Every structure is written in structure tokens, then in C-alpha cells.
Amino acid sequence: MKRQPRSRQALAVAALAALVVSGCSGATGESTRADEASTGPISVEVSAGIGAGVVEALAANKQSHDSDADHQWDIASEHPVSLDGDSATSDAAGVRIDGTTIRITEAGTYRLSGRLDDGQVVVDAAGDGTVRLVLDGADITSSTTSAIAVMKAGKAMVVLADQSTNRLTDAGEYVHPDATTDEPNAALFSKADLTVAGSGALTVTGRANDGIGGKDGVVLAGGRITVDAVDDGIRGKDYLIVRDATVDVTAGGDGLKADNAEDTSAGYVHLASGATTVLAERDGVDAATDVLIADGSATITAGGGNGATVAADVSAKGIKGGVSVVVGGGDLTVDAADDAVHSNGVVTVDAGTLRLRSGDDGVHADTDLTIRGGTLTVEQSYEGLESAVVAISGGEIDVTAADDGINIAGGNDGSGTQPGRGGPMDQFAANDDQQLRITGGTVVINAQGDGLDSNGHVTMTGGTVVVNGPTNGGNGAIDVNGTFDISGGMLLAAGSAGMAEAPEASSSQGWIAATLEATRPAGTVVQIVDGSGDRIATFKSAKSFQSVVFSSSAVTSGAEYAIHIGGSATGAQIGGLYDGGSTSGATHVTDVTAGVGGSGMQGPGGMPGGGMPGGGMPGGGVPGGGMPGGVPGR
């Protein structure tokens, strides 16, 4: 059974501005190891500037364990631990050394330096205190287990000393005390809340399983962290937070992961800031509940990228959230064998820059995809944007798709028609629960299949939409099973003529639709001229086309308009729709009446030819060529 999106209580504006994820950063005293604190602020104050969706989701989730106090300590309180190949020394009362096993039994700050060729650091400290391990040129390798294992502590920190280089390498095969024991299972393992901070470098090699594994929360608050693991790169159970760290993960399994599926406030991944790079054979980022992206940069490759083939039982999505994916800022680049961005519930984009390449969907949400801002470019996909409901109110969207540009369908992974996916083909009857709503923003689509494809309905009240649609007659720039009502904004859709559709004749904003006498090549300039000879639209096609649909506030239903081919296109443009141009040298090819389809044109719910009920329009084809009353649309 799929997890349902949990409710998110709306926050007042004042609360948004005041919300703090973890305490405010403070001044450092003389006894504070400021050189080993995070390279950025200790904590991040969240405001509505990163996108209300991220703020709201964070407020509903379990808060980070990391606090300002964790990053401050007295120099005099440090306990040095010296590593020397096959031995170690320390005078600290809380350190017990047995050969090459170093056991820390008390809370405190321990500075580890040197090399341990075959040994382990074990934290086994009772109480609620924090155990802080300062790695200052530490290189620890184990042939039987984890390099560092935090088995008991109130909280644990691994601090990377300034300008230090540190390495942790675990065994290729673990030796556990009995067959029922399966922990530790990562090169850096913690059963307590874990923070990695500082400004030094850490390389973690997970030869048996995971690189960094936490049974509670994991926060990466600083440093340059490189992980290479045979299975998952970095795993936190309750949450995984990247903040002010530079993280580079290579994983044979998932790259970044939070897997608590029992607690609805946990199981989330939060990319708050910093720079993250993931190369994963499976999912790049996998959260049992939410993936929240607030700021920073992330470059993610999953399953070998968009041209790779993975087994049917392998999930190779770029970013995957069981409940939601929310993007409130940052710079995101994803190349995935499966969906680039995927949620079993909802996806929300409020801000940020997204560049996506996918072997399947660019962005997929089972129930709801909302885009309110940002720049979203789907450079390669099978279907660009897919969900049962897509609502676009802002942002700049540019989609390239081998099939449909925007697909409004039964949202699960099998909703498309890609061979081998097992999804249902379009059902002819309109589904009232499936909606495309465009109220703002700009949308540019280059689709080999349908440009705008809705198994339900489409409403457009604002924004700008330009579709360079299919060149084959089996698809259309617009394909709507139900109604397409337009009352605002600007729409230009060009494509093949065989399945061409237009908005409802009852729409409150006028539209024109024309089918040309012949297919025109890519690069053709189309001029739309009103009855007074004034140009109201100039379009330069990116692909060959035969049908054109245009709607704007400049179109009056029932009025006559002329279509010219040629002339010039000048000024700013969106997807080939220019704000300037001239009909000088252009050739007049046809006249059309606004609100009435041209030859062969159809309205949603009908086929060309005969008159259509409801959304259908009178066809101008050969008498008898259409089914009387129309047949159900695609």
C-alpha cells in the first residue's frame, strides 16, 4: 500500500520568518576550537525566501539534533589519542585500549591522530553526554569490522580538524560475534545521533556495505566528505541533513538515504546548503518520507544516467520521496535511468534551478505536481512532467520529451505508455480527478508525442504556453479527453494535423486554430494578423508542423484572422513566440474565424469531420468523413 501524503499545516508569515531549524550560530570564545567548527554558520535560520513548501515540511518533521553548543568546546578539555600502526596510546580515563581496539567510555572530546593499520574505535559511553571525536590526520582501517562504531552515546560528533586529511576504511567482510548480530554495518557507524563537522577532509570507504550509517539522525555540517561504498553511500534512519558540507558519494546502492518508514515525522533527507555530488547505481537520493531541497548545489547520477538500462526490479531514480519532494531553492542537476524527480505523493517546486535528464519521466508525482517558481529544464525524458494533477502558477519550465510533454494520467509508475512499463493506454472517457491547471509562469514544450496530454481536463487562466508538438499524425500538440477551457494567458501550439485539437468554443478567451494545406519545415515563421492588418502574434517553429492553435487577450471570438507564412521574427521570445516581427515579404495562406476549427481541426472529446457535442467543433473535412456527433476523444 502506498503511503499517503501527510497533512502540512500552513504557517503564518511571521512564523515562517522566525522558524529556526537548529539554534542560531553564536560567537566563539577563546577556548572554542573555531578552526574545527563548520566552515559556514553552525545553524540555518529558515525564512520564506527558500520556499514556503520547504519551511512547512520542516516544521512538520522531526527537528535536527545538532545544536550550536555541540560545535563549541574548551581546548583544555581535549583528550589526545595517538595512533601508531599496530598500537595506540592515551592517558584519558575514558579511553581503554586493547591492542588496536580503542574503546571510549565517557562523554568528552577526543583528538585522534596517526594511523591504525588494523583496528577500530568504539564509542560505548553511557548517559546523555556528547562524544566528540576530532580527527586530526587520522587513518583507521579494520579487517574485521567498522573503522569507527558508536554503539552508545547521548550524541556523537566526528570533527574534521582544519587542514587535516582523514581516512576510514572498513573490512570487506565483517566478523560478528554470532549469526544474529548484523551491526555495525558501515565504515563509520553510529547508533546515536551523529554529526560530521569541521573544515578538514574525510574519505570513507565502505568495502562491505554502507559508507556512513546512522540508526538515528545524521547531519553533515561541514568538511569535505568523500564516500565510496559497495551499497548505500550515506544512510540516516530518522533523517539525513547536508548543511555547509561538500559531499561526494559513489555508491553501489543508493547514494543518500533516510529509511524510517514507521514515523511520519522522520525518514527525510534535507539538502539545506553545501555542495553534493552523487553517483549511485540505484537511487541517488531516497527518502522514506520527504526530500527537501532548500539551497546549495547537488549533482546526481542514478543507474548510469538517462541512456542506461536497469533491471525491472531495480529503482534508479535521481531523487525519490515516499511522501513528497519539495524544492525551495538551490541548483540541482539530475541524470537518471528512471525518473529524475519522483514522489509517491506530491512534488512541489517553489524556487531554484533544476536541470533534469531521465530515461523515463523528468518529474513524476503520483497525486500532485505543483510548480510555483524556479527554473525547471527537462533536457531529455520519455515524458516530461507527469501526475494526476499538475498545477503551474509560476516559474520557467522547458520540457523536451520523446513522448508527452505534460501527461495528466493515473499517477503511478505504470501510468505512461513506454514499452515495457506495463502502464495502461489512454482511456477515452475523461477522468474528472485528473487536471492540468495553468495560472501563471512560462511553459515551453518540445514533444515527439502529445504536447499537453490530459486524460481529464485542462484550464488555463494565465501564463504563457508554447508547444512545439509532434511531427507524426498519431499525436497532437494538444490532446484532452475532457474539456480545455482558456480564459487568460497566451497559448501557441504547433504540430501535426492528424490529431490536432483546440480549446472549448465556450472558452471566455478567444482562440484561433488553423490546419495548413501542407506541412511546413522547421524554422518557418508564422504571422497571425487581425482584420485591421495588425500583427497579433509571430512564431518561428522549432520543428515541422501543419496545425497552429493560438489564444491570447488579443483574439476576439467570431472575428476573422489571417495566417501568413514568412516575414521576420524579432525581439524577445519564449519557445519561438516572439514579441516583435513583420509581415513584410510574407505570404498569406489562409483565413480563420476565432473559436472555430480549421480544416480537420477538432475540439476535446471529438474526432475531425462531423459536428461535435460539448467540446467538439464543426469539422471542415470531407462530408461524411467524421463520425456523426463525434466519437470519444483520445
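Bear in mind the structure is a predicted one, so any value in this text is a computation, not a measurement.
- Salt bridge status for R243 with D66: present, with a side-chain N to carboxylate O gap under 4.0 Å.
- Salt bridge annotation for R224-D248: absent, with no cationic side-chain nitrogen under 4.0 angstrom from a carboxylate oxygen.
- Taking CD from E396 and CG from L376, the interatomic distance works out to 11.0 Å, rounded to the nearest 0.5 Å.
- Here the CG-OG1 distance, from N61 to T264, works out to 8.5 Å after rounding to the nearest 0.5 Å.
- Between A186 and I212, the shortest heavy-atom distance links the atoms CB-C, 4.1 Å.
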Going through the distances and angles, do T205 and D228 end up as a side chain to side chain donor-acceptor pair (under 3.5 Å)?
-> CA-CA 5 Å; T205 303; D228 191 342; over 6 Å; no
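- Rounded to the nearest 0.5 Å, atoms CZ (R132) and NE2 (H79) are 10.5 Å apart.
- The pair D263-K62 counts as a salt bridge, with a side-chain nitrogen and a carboxylate oxygen less than 4.0 angstrom apart.
- For R96, there are no salt bridge (charged side-chain N to carboxylate O under 4.0 Å, His left out) partners at least two apart in sequence or on another chain.
- Put simply, the side chain of D238 never gets that close to the backbone of A266: no donor and acceptor are under 3.5 Å apart.
- A distance-only check finds a donor-acceptor pair linking the side chain of N260 to the backbone of E262 [under 3.5 Å].
- When the side chain to side chain donor-acceptor pair (under 3.5 Å) test is applied to D368, the partners found at least two apart in sequence or on another chain are T370.
- Taking CD1 from I140 and CG from D170, the interatomic distance works out to 12.0 Å, rounded to the nearest 0.5 Å.
- The salt bridge (charged side-chain N to carboxylate O under 4.0 Å, His left out) check on D84 picks up nothing, with sequence neighbours excluded.
- Annotation for D210 and A229: closest pair C-CB, 3.9 Å, computed over non-hydrogen atoms.
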Give the table of side-chain donor-acceptor pairs shorter than 3.5 Å for residues 299-313, with sequence neighbours excluded, one pair per line with atom names and distance.
residue	atom	partner	partner atom	Å
N306	OD1	Q380	NE2	2.7
N306	ND2	D335	OD1	2.9

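- Applying the side-chain hydrogen bond (donor to acceptor under 3.5 Å, both in side chains) test to every pair with at least one member in residues 175-185, sequence neighbours left out, gives these pairs: D178-T180, D178-T181, E183-K215.
- By the side chain to side chain donor-acceptor pair (under 3.5 Å) test, S381 pairs with no residue at all, sequence neighbours left out.
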